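To start, the structure under review is shown below, and the notes come after it.
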Amino acid sequence: MRKIITNSMRTCFLDCQYKFFCEYVRRLSPIKEPDYFRWGSLVHLCAEHQDLGEPVADAIETFRQQIEERPHTPRVLEETEAMCNLAPAVADAHFLKWHKEDEFYEHLGVETKFKLPLSCGWEFRGKIDKPMRDTRTGESLLLERKTAASVTENYWANISLDSQPKGYILAAQEALGLDVHKVLYDVYGKPQIRLRKNEMPAAFQQRLADTYLHDYEKYFQRRLIPFTQNEIDDYKQDLDGVAQDIEAHLISGNWAKHHPQNRFGACAFLPLCTRGDESGYYVRDDKNLNPELTI
């Protein structure tokens, strides 16, 4: 394993050492990926193409091919096709909501990759959604895209504790040379509508698309979140410490398992962890690594 750490690797290791071992040392991925993970990836890819002035249809086709190249269940492929059919309406609705405001933001990059050496000898890598400059104030900021089932005040309160944007600000400061301390969260919400009795899936997808387009004001929110320089400096020290901890575990081969009820959400590696069941996983090759690890 190369001496590389990303925001996601840090979070994974702090969550569960054995999960980190499965995901980053053994390179295992569940055959059935959570739908929210696939939807988030598709939304990001569509937005990236829009930022570059490229057709959203190209992003959707690229995403579809990426999914089909991997070993997925028929159910996952069916769900993915439904997401691909919905994506154009979501992209259009997001444009309707924000295109006037976006005229004030100068793009300094799109999906900007970075490498940042740490004092421990490891390298911090990642990809920033979009560094920008507000032409009204001259202030630099980063845009961070998120997808969420619902966006409440509790959601925004929790965002202030999000560690990953601190890493992106750190990289923007030290790798890109930007004077930045704020992140503009661009959140894609989801209409809370359900399949009606006797409603065909295709009709439901059309109703969902129409809901996005007709009520786009409801489903997209933005908020500017500031972070202090002390928070950024502390995060850099933390990254360095976690990288050293990972190296120590790589040497010792000791990967402690975490009690599943002491974490938020479900764990994709629970069958393997508790029963040794490897049937639901495949090994990623170099083509399917996290983009942050292939810079």
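A quick note: this is a predicted structure, and the numbers were derived from the prediction, not measured. The analysis underlying the following values was restricted to heavy atoms, covering all of them including side chains, and did not include hydrogens, waters or symmetry mates.
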Residue pair [X] / [Y], side-chain heavy-atom distance below 4.5 Å:
{"X": "Val90", "Y": "Trp39", "answer": "yes"}
{"X": "Lys97", "Y": "Arg222", "answer": "no"}
{"X": "Thr6", "Y": "Arg10", "answer": "no"}
{"X": "Glu247", "Y": "Trp122", "answer": "yes"}
{"X": "Gln221", "Y": "Trp156", "answer": "yes"}
{"X": "Gln66", "Y": "Arg38", "answer": "no"}
{"X": "Thr147", "Y": "Lys190", "answer": "no"}
{"X": "Gln237", "Y": "Tyr235", "answer": "no"}

Looking only at side chains, do [X] and [Y] share a donor and an acceptor under 3.5 Å apart?
{"X": "Gln65", "Y": "Glu61", "answer": "yes"}
{"X": "Thr228", "Y": "Asn230", "answer": "no"}
{"X": "Asp240", "Y": "Ser119", "answer": "yes"}

How many angstroms lie between atom [atom1] of [X] and atom [atom2] of [Y], to the nearest 0.5 angstrom?
{"X": "Cys120", "Y": "Ile5", "atom1": "SG", "atom2": "CD1", "value": "7.5 Å"}
{"X": "Leu178", "Y": "Met132", "atom1": "CG", "atom2": "CE", "value": "11.5 Å"}
{"X": "His44", "Y": "His49", "atom1": "NE2", "atom2": "NE2", "value": "14.5 Å"}
{"X": "Gln164", "Y": "Lys166", "atom1": "CD", "atom2": "NZ", "value": "11.5 Å"}
{"X": "Gln173", "Y": "Gln229", "atom1": "CD", "atom2": "CD", "value": "4.5 Å"}
{"X": "Glu231", "Y": "Ser163", "atom1": "CD", "atom2": "OG", "value": "11.0 Å"}

| said: Show, in sequence, the C-alpha distance, side-chain angles and deciding distance for Lys3 and Glu123, and conclude whether the side chain to side chain contact (heavy atoms under 4.5 Å, CB included) test is met. | reply: CA-CA 6 Å; Lys3 293 185 176 182; Glu123 189 173 66; over 6 Å; no

Are any of the side-chain nitrogens in [X] or [Y] under 4.0 Å away from the carboxylate oxygens of its partner?
{"X": "Lys182", "Y": "Glu139", "answer": "yes"}
{"X": "Glu153", "Y": "Arg223", "answer": "yes"}
{"X": "Glu278", "Y": "Arg26", "answer": "yes"}
{"X": "Lys19", "Y": "Glu23", "answer": "no"}
{"X": "Glu199", "Y": "Arg207", "answer": "yes"}
{"X": "Glu111", "Y": "Lys127", "answer": "yes"}
{"X": "Glu174", "Y": "Lys236", "answer": "yes"}

Ignoring hydrogens and angles, tell me if any N or O in the side chain of [X] forms a donor-acceptor pair with the backbone of [Y] under 3.5 Å.
{"X": "Asp15", "Y": "Thr11", "answer": "no"}
{"X": "Glu54", "Y": "Cys46", "answer": "no"}
{"X": "Tyr281", "Y": "Ala268", "answer": "yes"}
{"X": "Arg284", "Y": "Leu28", "answer": "yes"}
{"X": "Gln17", "Y": "Ala256", "answer": "yes"}

| said: Which label fits Phe220 and Tyr212: parallel for a plane angle under 30°, tilted from 30 to 60°, or perpendicular past 60°? | reply: tilted

| task | Could you tell me how the ring of Tyr18 sits relative to the ring of Phe21: parallel (under 30°), tilted (30 to 60°) or perpendicular (over 60°)? | result | tilted

| request: Dump the intermediate steps for side chain to side chain contact (heavy atoms under 4.5 Å, CB included) on Tyr188 and Val151, then the final yes or no. | output: CA-CA 9 Å; Tyr188 291 65; Val151 187; over 6 Å; no

| said: Are more than 12 heavy atoms, taken from residues, nucleotides or ligands other than Glu68, located less than 6.0 Å from that residue's CD atom? | reply: yes

| task | Please check if atom NZ in Lys146 has more than 12 non-hydrogen atoms from other residues, nucleotides or ligands closer than 6.0 Å. | result | yes

| request: Measure centre to centre between the rings of His94 and Tyr216, then say whether the value is under 6.0 Å. | output: no

| task | Evaluate side chain to side chain contact (heavy atoms under 4.5 Å, CB included) for Thr135 paired with Tyr105, printing each intermediate quantity in order. | result | CA-CA 6 Å; Thr135 59; Tyr105 294 124; over 6 Å; no

| side chain to side chain contact (heavy atoms under 4.5 Å, CB included) between Ser41 and Phe63, intermediate numbers included | CA-CA 8 Å; Ser41 298; Phe63 180 77; 4.0 Å; yes

| said: Looking at every heavy atom in both Asn7 and Gly167, which two are closest together, and how far apart are they? | reply: OD1-CA, 3.8 Å

| Passing option when Leu176 is tested against Leu108, Ile128, Leu142 for side-chain contact (heavy atoms from CB on, under 4.5 Å) | Ile128

